[in-house]
Amino acid sequence: MLGIDGRVLGDDLEGEARDLGRGHAKMAPDLQNGLKHPLLLLSSGETSVTVKSQGRGGRNVEYLLGLFQALKGASGIHALAIDTDGIDGSEDNAGAIISPSCWGRANEISLSIEVALDNNDAYSFFEALDDLILTGPTRTNVNDFRAILVLPAR
């Protein structure tokens, strides 16, 4: 209908959130070459975060920060990661969203991806970009949900 192809990467993905994000980031640009239509990569499952610091955030924003770090602002790739219950970890956000413009905006305000990851502080990173997704509690905990929109290369 909309001319968007879809691919399900799995509905029970596990592992370290940032590492899964980095893995998905490596896949997206490779798939972008030769696309005729936008491609939506969907996945779900409950990842984990090895907490080493006192930062803020949950597994969805940690996944996105790993994805964002590996994409380095790649053109035509957008993503979101949310928890269906509206609460990512113990924070007030469901998740966050990224787009190619985030890279430049983060650089403009001197946000460090490495510092955010080292401090498990993805919430503050995306809060500074105004890219958190705030839904309020949904009281429906189905799963974590991730979507990566890959647009054809220009």
Side-chain angles (χ1 to χ4, degrees), residues 4 6-33 35 38-135 141-151 153:
I4 299 174
R7 182 177 302 171
V8 176
L9 302 177
D11 63 359
D12 59 355
L13 300 182
E14 297 177 339
E16 194 69 30
R18 67 177 70 184
D19 294 339
L20 184 64
R22 288 175 182 143
H24 286 173
K26 290 177 184 172
M27 179 187 318
D30 290 341
L31 293 170
Q32 193 173 38
N33 295 324
L35 281 182
L39 175 64
L40 188 61
L41 303 172
L42 301 171
S43 67
S44 62
E46 304 237 339
T47 59
S48 58
V49 173
T50 301
V51 178
K52 298 178 183 176
S53 186
Q54 297 298 317
R56 299 172 65 197
R59 56 187 175 247
N60 290 294
V61 289
E62 184 111 353
Y63 163 87
L64 272 180
L65 200 52
L67 180 81
F68 182 69
Q69 180 186 43
L71 285 175
K72 295 181 169 61
S75 178
I77 301 175
H78 306 257
L80 67 80
I82 60 169
D83 195 322
T84 58
D85 68 2
I87 301 169
D88 188 25
S90 61
E91 300 301 333
D92 62 352
N93 66 310
I97 190 166
I98 63 169
S99 68
S101 72
C102 293
W103 191 261
R105 290 186 292 126
N107 288 330
E108 283 176 17
I109 59 175
S110 301
L111 282 177
S112 170
I113 299 165
E114 290 75 20
V115 169
L117 282 170
D118 287 347
N119 293 327
N120 297 111
D121 200 16
Y123 180 98
S124 297
F125 185 91
F126 290 112
E127 180 181 45
L129 291 174
D130 197 28
D131 287 334
L132 291 174
I133 297 173
L134 303 166
T135 63
N141 190 14
V142 177
N143 213 342
D144 289 351
F145 172 78
R146 297 171 289 273
I148 303 171
L149 178 64
V150 183
L151 301 174

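One is the number of the first residue; the rest follow in order along the sequence.
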Side chains of [X] and [Y]: closer than 4.5 Å at any heavy-atom pair?
| X | Y | answer |
| --- | --- | --- |
| E127 | L134 | no |
| N93 | V61 | yes |
| L20 | L13 | yes |
| I82 | N60 | no |

Minimal non-hydrogen separation, [X] against [Y], with atom names:
| X | Y | answer |
| --- | --- | --- |
| D144 | T47 | OD2-N, 4.3 Å |
| F126 | A96 | CG-CB, 3.8 Å |
| A106 | L129 | N-CD2, 3.7 Å |
| A116 | L65 | CB-CD2, 3.5 Å |
| I109 | A128 | CD1-O, 3.8 Å |

Report summary line: The residue among S99, S101, C102 that forms side-chain contact (heavy atoms from CB on, under 4.5 Å) with D131 is C102

With sequence neighbours left out, which residue pairs that include part of [range] fulfil the salt bridge (Lys or Arg N to Asp or Glu O under 4.0 Å) condition?
| range | result |
| --- | --- |
| residues 92-104 | none |
| residues 107-118 | none |
| residues 61-70 | R18-E62 |

Query raised in the report: For R146 and S43, does a side-chain donor sit closer than 3.5 Å to a side-chain acceptor?
Result: yes

Report task. Output the distance between atom OG1 (T84) and atom CG (N143), rounded to the nearest 0.5 Å. Result -> 6.5 Å

Query raised in the report: So how far is it from L41 CG to I77 CD1, rounded to the nearest 0.5 Å?
Result: 9.0 Å

Could you pull out every donor-acceptor pair under 3.5 Å between side chains of residues 25-32 and any protein atom, sequence neighbours left out?
unit_1 : atom_1 : unit_2 : atom_2 : d
Q32    : NE2    : S75    : O      : 2.9
Q32    : NE2    : L151   : O      : 2.9

Please name all residues satisfying side chain to side chain contact (heavy atoms under 4.5 Å, CB included) with [X], sequence neighbours left out, ordered by chain then number.
| X | result |
| --- | --- |
| A79 | L64, L67, I98, I148 |
| L42 | L40, F145, A147 |
| D19 | E16, R22 |

Query raised in the report: Who pairs with S110 by side-chain hydrogen bond (donor to acceptor under 3.5 Å, both in side chains), at least two apart in sequence or on another chain?
Result: none

Report task. Report the C-alpha separation of R56 and S124 in whole Å, then their side-chain angles, then the decisive distance to 0.1 Å, and conclude whether the side chain to side chain donor-acceptor pair (under 3.5 Å) test is met. Result -> CA-CA 7 Å; R56 299 172 65 197; S124 297; 4.7 Å; no

Query raised in the report: Does the side-chain contact (heavy atoms from CB on, under 4.5 Å) test come out yes or no for R59 and D83, once each step is laid out?
Result: CA-CA 9 Å; R59 56 187 175 247; D83 195 322; 3.7 Å; yes

Report task. Ignoring hydrogens and angles, tell me if any N or O in the side chain of N120 forms a donor-acceptor pair with the backbone of K52 under 3.5 Å. Result -> yes

Within [range] or reaching into it, pairs that qualify as ring pair (Phe, Tyr, Trp, His ring centres under 6.0 Å) - sequence neighbours excluded:
| range | value |
| --- | --- |
| residues 40-61 | none |
| residues 78-124 | F68-W103 |
| residues 39-64 | H24-Y63 |

Query - Electrostatic pair D130-R105, nearest N-O below 4.0 angstrom - result: no

Query raised in the report: Within a radius of less than 6.0 Å around CD of E46, do more than 12 heavy atoms belonging to other residues, nucleotides or ligands occur?
Result: yes

Report task. Answer yes or no: does atom CG of N33 have more than 12 heavy-atom neighbours from other residues, nucleotides or ligands under 6.0 Å? Result -> yes

Report summary line: Those residues at least two apart in sequence (or on a different chain) that pass salt bridge (charged side-chain N to carboxylate O under 4.0 Å, His left out) with D121 are none

